[in-house]
J.: 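Dropping the structure in here first, questions after.
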Amino acid sequence: LKLQIVSGQPNLVEELRIRLFWIRHGQSCANVLDRCAVGPKASSRLLPDLQRALRAIPNGRFHNASLNAAFGLQKATSEEPDCTIEIAGGALKAGEHGEEGAIVRVHDLYLDPALTNCARQQSVLAGRELLQWLNESGTRLDFVGSSFLMRAFETAYAMFFSPCTGGGGTLNCSGVLEADARVVPVPYMTERAPEGHTSIQADNTPRDVDDQTDMIEAAYGRKLPMNGHYATSWPRYAQQYEKFKAFLAAELVPKLTVIRTLAPAFAQAVSDSDAFQAALEASMPEAMHYEDVGK
């Protein structure tokens, strides 16, 4: 990624190159449902739990909605490996799939799922390999970020911090990360299902920050090394790559220690964060089709 720094001097533009490593999150508890093995016979047992999950989705749209008992819990097919249910209410179209359809996958109702225990271990093992490569290649990380979703920052912790702490076989990560490094969830990167795929995306909706904190402490027995500044001060449910690039260039990168040291002119060019956020939200649409990115 190349960022241009325009100074106050005529015709002087400096260029800053940034290397980004993009990593897919580990398997979440919702992903496991893509191999749904139950069917209509489980409807009476499972529909009440699924209806509670539906009504708990943030924004209140489905607070009074219910599940169609006659439709029940439909088993997976060769085209759709997850089980499906039908929603009554919420202004959705009965009998249809897609962005306006009432028929949705069970995992669409799973609010901000965590990693499975297996995925946590897989991520640690993958992280060990990557950290060793980074160390051997002399590559240092100046920032570890994630989206606001549980599975994303759990993966970041498992890969870049867990291998460096506790127990035998612990890696020496001092050549890759600063001792006070943290996972920093950042805005505009929350996952979204493909356009036209589903009317509900609870699995891609971040929980409240306090709820996430409680879940983390319950699962790990402690707080994880995270910096939640952006999680509480920037748009929490947004996904928009053009906004992310602007956020990266004008808000995030200039505040990195290495930038303040090596490119102080770039660091000094940053204006007030609140003003920048307001200008960014006003200048770009809330959502953007993938084909329009870069235009």
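The figures that follow rest on heavy atoms only: side chains count, while hydrogens, waters and symmetry mates do not. Fair warning: this is a prediction, and the values are worked out from it, not measured in the lab.
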J.: Is the backbone of Met150 close enough, under 3.5 Å, to the side chain of Asp112 for a donor and an acceptor to pair up by distance?
T.: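 Side chain of Asp112 to backbone of Met150: a pair is present.
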J.: Throw together a table of side-chain donor-acceptor distances under 3.5 angstrom for residues 153-160, partners on residues two or more places apart or in other chains.
T.:
{"residue": "Glu154", "atom": "OE1", "partner": "Leu115", "partner atom": "N", "Å": "2.9"}
{"residue": "Glu154", "atom": "OE2", "partner": "Tyr220", "partner atom": "OH", "Å": "2.7"}
{"residue": "Thr155", "atom": "OG1", "partner": "Gly26", "partner atom": "N", "Å": "3.0"}
{"residue": "Thr155", "atom": "OG1", "partner": "Arg151", "partner atom": "O", "Å": "2.7"}
{"residue": "Tyr157", "atom": "OH", "partner": "Arg222", "partner atom": "NH2", "Å": "2.5"}

J.: Does Arg236 qualify as a cation-pi partner of Phe148, given the criterion of NZ or CZ under 6.0 Å from the six-membered ring centre and within 45 degrees of its axis?
T.: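 Arg236 over Phe148 ring: yes.
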J.: Can you tell me how far apart NE2 (His25) and CD1 (Ile23) are? Round to the nearest 0.5 Å.
T.: 12.5 Å
J.: Has His63 got more than 12 heavy atoms of other residues, nucleotides or ligands less than 6.0 Å from its NE2?
T.: no
J.: Do Val184 and Ser146 have side-chain heavy atoms sitting under 4.5 Å apart?
T.: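 No, their side chains stay 4.5 Å or more apart.
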J.: Would you say Pro206 and Gln212 make side-chain contact, with heavy atoms under 4.5 Å?
T.: yes
J.: Looking only at atom types and distance, does a side-chain atom of Thr116 sit under 3.5 Å from a main-chain N or O of Cys29, one as donor and one as acceptor?
T.: no
J.: Can you confirm whether Thr213 sits close enough to Val209 that some side-chain heavy atom of one is under 4.5 Å from a side-chain heavy atom of the other?
T.: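 Touching, per the 4.5 Å side-chain cut-off.
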J.: With side chains defined as the heavy atoms from C-beta onward, is the minimum distance between Val124 and Phe161 less than 4.5 Å?
T.: no
J.: Measuring from Asp142:CG to Thr139:OG1, what's the distance to the nearest 0.5 Å?
T.: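 If we round to the nearest 0.5 Å, Asp142:CG and Thr139:OG1 are 10.5 Å apart.
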J.: Give the intermediate values and the outcome of side chain to side chain contact (heavy atoms under 4.5 Å, CB included) for residues Thr261 and Thr257.
T.: CA-CA 6 Å; Thr261 302; Thr257 300; 4.3 Å; yes
J.: Under a 4.5 Å cut-off applied to non-hydrogen side-chain atoms, are Leu54 and Leu67 in contact?
T.: yes
J.: Examine Leu252 and Met284 and state if one hydrophobic cluster contains both, with Ile, Leu, Val, Met, Phe, Trp and Tyr joined whenever side-chain heavy atoms are less than 4.5 Å apart.
T.: yes
J.: Is there a chain of hydrophobic side chains (I, L, V, M, F, W, Y, each step under 4.5 Å between heavy atoms) that links Met226 to Met215?
T.: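 Yes.
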J.: Do you know which two heavy atoms are closest between Pro48 and Ser43, and how far apart they sit?
T.: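 For Pro48 versus Ser43, the nearest heavy atoms are CD-O, 4.2 Å.
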J.: Kindly compute the distance separating CG (Asn135) from CG (Leu171), expressed to the nearest 0.5 Å.
T.: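 That separation rounds to 8.5 Å.
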J.: Just checking, any donor-acceptor pair under 3.5 angstrom between side chains of Asp108 and Gln201?
T.: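 Checked: Asp108/Gln201 side chains show no N/O donor-acceptor pair below 3.5 Å.
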J.: If you measure from SG on Cys83 to NE2 on His107, what distance do you get to the nearest 0.5 Å?
T.: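 Rounded to the nearest 0.5 Å, the SG-NE2 separation comes to 12.0 Å.
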J.: Are Tyr230 and Leu256 connected, step by step, through hydrophobic side chains (Ile, Leu, Val, Met, Phe, Trp, Tyr) whose heavy atoms are closer than 4.5 Å?
T.: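 As far as the 4.5 Å side-chain criterion goes, Leu256 and Tyr230 are connected within one cluster.
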J.: Does Glu80 come within less than 4.0 Å of Lys75, counting only side-chain N to carboxylate O?
T.: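 Salt bridge: no.
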J.: Between Arg182 and Pro225 (side chain of the first, backbone of the second, donor and acceptor by atom type, cut-off under 3.5 Å), is there such a pair?
T.: no
J.: With side chain to side chain contact (heavy atoms under 4.5 Å, CB included) as the test, would you mind laying out the steps for Asp203 and Asn31 before giving the verdict?
T.: CA-CA 9 Å; Asp203 56 319; Asn31 293 134; over 6 Å; no
J.: Answer with yes or no whether the hydrophobic clustering places Ile200 together with Leu111; edges join I, L, V, M, F, W, Y residues whose side-chain heavy atoms lie under 4.5 Å apart.
T.: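 No, it is not one cluster - the side chains of Ile200 and Leu111 are not joined through contacts under 4.5 Å.
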J.: Closest approach of Ser199 and Val104, non-hydrogen atoms and distance?
T.: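 Smallest heavy-atom distance, with atoms named: OG-CG1, 3.4 Å.
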J.: Is it true that a side-chain atom of Gln240 and a backbone atom of Pro285 form a donor plus acceptor pair closer than 3.5 Å?
T.: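 Side chain of Gln240 to backbone of Pro285: a pair is present.
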J.: Going from CD on Gln27 to CG on Asp34, what distance comes out if it is rounded to the nearest 0.5 angstrom?
T.: 7.5 Å
J.: For Gln51 and Leu47, run side chain to side chain contact (heavy atoms under 4.5 Å, CB included): C-alpha distance rounded to whole Å, both residues' side-chain angles, the deciding distance at 0.1 Å, then the answer.
T.: CA-CA 6 Å; Gln51 183 165 284; Leu47 282 183; over 6 Å; no
J.: Would you check if there is a donor-acceptor pair between the side chains of Ser283 and Lys243 at a distance under 3.5 Å?
T.: no
J.: With a 4.5 Å limit on heavy-atom distance, are the side chains of Thr198 and Arg105 in contact?
T.: yes
J.: Distance from Glu86 atom CD to His97 atom NE2, nearest 0.5 Å?
T.: 9.0 Å
J.: Looking at every heavy atom in both Pro81 and Ala76, which two are closest together, and how far apart are they?
T.: O-CB, 3.0 Å
J.: Is there side-chain contact between Ile85 and Leu109, with heavy atoms separated by less than 4.5 Å?
T.: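 In contact.
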J.: Above 12 or not: heavy atoms from other molecules or residues under 6.0 Å from CD of Glu96?
T.: yes
J.: One pair to check against side chain to side chain donor-acceptor pair (under 3.5 Å): Ser273 and Glu251. What are the steps and the verdict?
T.: CA-CA 7 Å; Ser273 294; Glu251 170 67 23; 2.8 Å; yes
J.: For residues Phe276 and Phe247, establish whether the separation of their ring centroids is below 6.0 Å.
T.: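 Not close enough - the centres of the two rings lie 6.0 Å or further apart.
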J.: Of the non-hydrogen atoms in Asp82 and Leu33, which two are nearest, and what is the gap between them?
T.: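 Taking Asp82 first and Leu33 second, the nearest heavy atoms are OD1-O, 3.0 Å.
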J.: So, for Gly95 and Ile103, which heavy atoms are closest and what is the spacing to 0.1 Å?
T.: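 Looking at all heavy atoms of both residues, the closest pair is C-CD1, 3.6 Å.
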J.: Sequence neighbours left out, what passes side chain to side chain contact (heavy atoms under 4.5 Å, CB included) with Ser174? Give chain and number order.
T.: Asn172
J.: Do Tyr237 and Thr190 pass the side chain to side chain contact (heavy atoms under 4.5 Å, CB included) test, and can you show the C-alpha distance, the side-chain angles, and the key distance before you say yes or no?
T.: CA-CA 7 Å; Tyr237 306 108; Thr190 299; over 6 Å; no
J.: Are Trp22 and Leu149 joined in one hydrophobic group, where the rule is that I, L, V, M, F, W and Y side chains link up if heavy atoms are under 4.5 Å apart?
T.: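 Looking at the clustering, Leu149 is in a separate group from Trp22.
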J.: If you compare all heavy atoms of Ala30 against all heavy atoms of Pro113, which two are closest, and at what distance to 0.1 Å?
T.: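 Closest heavy-atom pair between Ala30 and Pro113: CB-CG, 3.5 Å.
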J.: With heavy-atom distances below 4.5 Å as the criterion, would you say the side chains of Arg61 and Leu92 are in contact?
T.: yes
